[in-house]
Amino acid sequence: MSVIACVAVFGSCTLQKETAVTLEVKTQYGVLQGIEENGVKKFLGVPFAQAPVGELRWKAPQPVQAWEGVRSAKQFGDDPMQPNIFGDMSFRGPGRSEDCLYLNIWTTAATTADALPVLIYFNGGGLMAGSGSEPRYDGSSISKEGVICVTANYREGVFGFFAHPDLTASSEYKGSGNYGFLDQVAAIKWVKENISAFGGNPDKITIVGESAGSFSVSLLMCSPLSKDLIAGAMLSSGAEVLPFQPSSQADADAAGAELLKQAGISSLADAMALNADSLQKLLPPKGMANVVLDGYFMTESADDVFEKGQQSQVPLLAGWNSLEGTPLQTLRGQAPTLENYKNAMKAQFGVMTDEIFKAYGLETDEDVLSQKGLDLASDLFTGFPTWKVCDYHAKSGQPVYRYHYMHPRPQVSAKMGDKVAALAGGVREKTTQEKKSEAQQPAIAPGAVHSADIEYAMGTLDTNEYYDWNEDDYAISKLFLTYYANFCKTGNPNGKGLPQWTAITKENLEAAPIMKIDVESKVIASPEKENAYRTLEKFYRSKK
């Protein structure tokens with residue numbers, strides 16, 4: 001046989017091992033039929049675990065059961081149970097139910113040999129609201145950059161984060177309360193086991209989340225159940241480290257028992273007998289849940305894991321927005337003077353108030369509503385814990401790409417009428433007080449509010465009709481999306497034609513570089529700002 005013939009035969013054999021990625025994909029559990037739109041194949045409403053209903057309520061997610069024939073994957077599954085906490089959230093699922101453990105896949109792979117990198121996005125919403133069906137997380141744009149995108153629901157509120165002594169006693173691992181986080185682990189495992197059939201690389205999975213999703217990712221980096229399943233991690237505004245503290249199983253159990261008592265529910269059995277709507281009305285979420293040291297999902301705090309360097313040893317891209325918070329939230333109607341702000345913060349900072357204000361450069365009345373004041377308010381919300389994860393992770397020897405997202409959204413479109421921007425990217429009616437006080441509102445430095453980065457980073461500006469996006473917005477979105485895609489592909493966001501992004505390493509921690517993402521994006525290094533974080537860390541550690 002000639003050399004050419006051998007090559008031809010070898011090539012033929014190689015091609016035979018490839019499988020075309022069509023609109024019918026065979027997973028380990030059965031065949032899915034998706035849809036195609038604008039060159040992107042979508043598989044929506046894919047079950048990754050059994051429905052957590054009936055006896056499976058408040059149990060760890062169970063493996064999905066195989067099905068016969070072809071299962072339609074052309075529309076989103078139900079969104080997680082949740083009250084209307086954020087009235088401006090937009091969903092594409094047909095309804096809300098306990099039967100919500102579905103994920104969605106966007107892929108442009110032609111064959112399984114493409115082995116594209118994979119991004120799994122976990123939604124924000126305070127662990128109380130949100131869904132993988134939200135348009136702002138849509139995976140179409142990043143899939144066109146050569147990255148398979150997955151969004152995955154998880155149980156929220158009382159359905160995802162309720163602990164109780166009887167649940168703990170009856171579980172195989174003698175723990176309860178972390179069901180939403182366990183759902184996230186189950187989603188990662190399903191992707192790991194099945195994504196190759198969609199043209200993905202199971203060894204190239206990057207996880208990302210915003211706000212509560214970002215808190216989740218920091219925990220998934222530490223959990224013994226998930227930390228070895230990923231190749232990269234991205235945090236957007238939040239992390240479950242200092243000053244946040246986990247709950248012991250005993251404390252979580254006691255809190256759950258008291259919760260039932262206050263709601264007039266006499267036993268766990270009675271709670272189990274309630275339908276989902278009744279249960280949610282009696283036990284509505286009252287704030288973001290703590291992770292529980294259940295000996296299974298988490299055996300010790302994330303701080304302990306990071307301090308020991310036992311987290312996922314993978315590249316990290318992490319950051320937060322320039323207007324995550326504002327001093328006005330603390331001043332509560334008082335004039336934004338330095339004296340008033342200091343007095344308002346003394347209840348929290350005590351004897352360290354002056355030291356912290358000095359570290360942040362807050363020295364005059366004008367500083368309070370400048371970027372200096374916004375930095376302090378933002379750091380107290382999400383900035384500091386996100387910074388701390390970057391600090392921990394860089395010390396472990398892994399590259400850390402940190403950003404500060406600066407670009408404000410444009411004005412709410414005039415076609416929306418007399419409305420203002422709301423918390424989840426949508427709009428709401430102005431309150432009577434807002435209408436009255438518009439002229440008296442003090443001016444604050446413009447910036448990117450909490451969650452404003454999502455549409456830019458995911459390339460989904462066009463899914464949000466509430467704002468008048470302009471050329472700058474689209475250019476920043478293209479830059480941010482490309483950084484995301486490059487990071488998923490190589491563990492490094494840099495690429496041809498992009499502003500160079502320097503990683504934080506052990507060697508440059510005292511003047512750690514940070515990418516300022518804006519109309520003119522650039523890396524800066526500020527020893528003064530690092531000192532401010534160290535000062536805030538000193539305060540938090542004094543309170544432990």
Checklist line | Pair Phe161-Phe181, ring pair (Phe, Tyr, Trp, His ring centres under 6.0 Å): steps then yes or no | finding: CA-CA 9 Å; Phe161 302 99; Phe181 298 130; 5.0 Å; yes
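- Judged by distance alone, the side chains of Ser133 and Asp79 do bring a donor and an acceptor atom under 3.5 Å apart.
- Separation of the Tyr102 and Phe48 ring centroids does not fall under the 6.0 Å cut-off.
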Checklist line | Steps toward ring pair (Phe, Tyr, Trp, His ring centres under 6.0 Å) verdict (Tyr456, Phe480) | finding: CA-CA 6 Å; Tyr456 291 88; Phe480 212 161; 7.9 Å; no
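- Under a 3.5 Å cut-off, the side chain of Ser170 and the backbone N or O of Asp166 do form a donor-acceptor pair.
- Under the 3.5 Å distance criterion, the side-chain polar atoms of Trp320 are left unmatched by any main-chain donor or acceptor of Ser211.
- For Asn104 (side chain) and Gly45 (main-chain N/O), a donor-acceptor pair under 3.5 Å exists by modelled atom type.
- Side-chain contact between Thr330 and Met345 is present, with heavy atoms from C-beta onward closer than 4.5 Å.
- Under the 3.5 Å distance criterion, the side-chain polar atoms of Gln184 are left unmatched by any main-chain donor or acceptor of Tyr154.
- Within a 6.0 Å sphere centred on NZ of Lys538, other residues, nucleotides and ligands contribute 12 heavy atoms or fewer.
- The number of heavy-atom neighbours closer than 6.0 Å to CD of Glu68, taken from other residues, nucleotides and ligands shown, is 12 or below.
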When the side chains of residues 231-245 are checked against the rest of the protein, which donor-acceptor pairs come out under 3.5 Å, sequence neighbours left out?
unit_1, atom_1, unit_2, atom_2, d
Ser236, OG, Asp453, OD2, 2.6
Ser237, OG, Glu324, OE2, 2.4

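- To the nearest 0.5 Å, atom OG1 of residue Thr353 and atom NZ of residue Lys346 are 6.5 Å apart.
- Looking at heavy atoms from C-beta onward, Leu229 lies in side-chain contact with Lys189 at the 4.5 angstrom threshold.
- If you check the side chains of Gln249 and Asp294, you find no donor sitting under 3.5 Å from an acceptor.
- Listed for the Gln411 side chain is no donor-acceptor partner under 3.5 Å among the backbone atoms of Tyr467.
- Formation of a donor-acceptor pair under 3.5 Å by the Glu134 side chain with backbone atoms of Ser131 is found in this model.
- Counted by atom type alone, Tyr392 and Asp303 present one or more donor-acceptor pairs between their side chains at under 3.5 Å.
- Counting only N and O atoms by type, the side chains of Ser247 and Asp251 include no donor and acceptor under 3.5 Å apart.
- Although no hydrogens or angles enter the test, the distance criterion places no donor-acceptor pair under 3.5 Å between the side chain of Ser312 and the main chain of Val314.
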Check: Could you walk me through whether Leu32 and Trp67 pass the side chain to side chain contact (heavy atoms under 4.5 Å, CB included) check?
Finding: CA-CA 10 Å; Leu32 293 167; Trp67 60 85; 3.6 Å; yes
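- Using a 4.5 Å cut-off on side-chain heavy atoms (C-beta onward), Asn178 and Val291 make contact.
- Counting heavy atoms from C-beta on, the side chains of Gln311 and Cys222 come closer than 4.5 Å.
- Using a distance-only test at 3.5 Å, with no hydrogens or angles considered, a donor-acceptor pair links the side chain of Asn275 to the main chain of Ser278.
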Margin query: Using the rule given for side-chain hydrogen bond (donor to acceptor under 3.5 Å, both in side chains), can you reason through Asp138 versus Thr460, listing the C-alpha separation, both sets of side-chain angles and the distance that settles it, and then say yes or no?
Written below: CA-CA 7 Å; Asp138 191 276; Thr460 55; over 6 Å; no
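- Around atom CD of Glu172, no more than 12 heavy atoms belonging to other residues, nucleotides or ligands sit under 6.0 Å away.
- Side-chain rings of Phe297 and Tyr173 stay apart, their centers remaining 6.0 Å or farther from each other.
- In this structure, the separation between OG1 on Thr386 and CG on Asp379 is 9.0 Å, given to the nearest 0.5 Å.
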Margin query: Working note: Arg541 + Glu307, criterion salt bridge (Lys or Arg N to Asp or Glu O under 4.0 Å); need CA distance, chi angles, decisive distance, verdict.
Written below: CA-CA 14 Å; Arg541 291 199 181 279; Glu307 284 177 351; 3.3 Å; yes
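- Side-chain N or O atoms of Ser378 include none that pairs as donor or acceptor with a backbone N or O of Gly383 at under 3.5 Å.
- Contact of the Phe539 side chain with the Gln348 side chain is registered, since non-hydrogen atoms from C-beta on lie closer than 4.5 Å.
- Lys42 is listed as a side-chain neighbour of Ser140, based on a closest heavy-atom distance under 4.5 Å.
- Looking only at side-chain heavy atoms (C-beta outward), Lys388 and Tyr540 stay at 4.5 Å or farther from each other.
- Across Pro80, Cys100, Pro285, a single residue satisfies side chain to side chain contact (heavy atoms under 4.5 Å, CB included) together with Glu156, and that is Pro80.
- For the pair Val185/Leu220, a side-chain contact is recorded, criterion being any heavy-atom separation below 4.5 Å from C-beta on.
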Next item on the list: Please lay out, stage by stage, how Thr151 and Leu103 fare under the test side chain to side chain contact (heavy atoms under 4.5 Å, CB included).
Entry: CA-CA 6 Å; Thr151 63; Leu103 55 78; over 6 Å; no
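- Phe162 has its ring centre no less than 6.0 Å from the ring centre of Tyr179.
- A 6.0 Å sphere centred on CD of Gln329 holds more than 12 heavy atoms belonging to other residues, nucleotides or ligands.
- In plain terms, the two heavy atoms of Gly373 and Pro327 that are nearest each other are O-CG, 3.6 Å.
- By the 6.0 Å contact criterion, CZ on Arg332 is open, its count of non-hydrogen atoms from other residues, nucleotides or ligands being 12 or less.
- To the nearest 0.5 Å, atom CD1 of residue Ile85 and atom CD of residue Gln82 are 7.0 Å apart.
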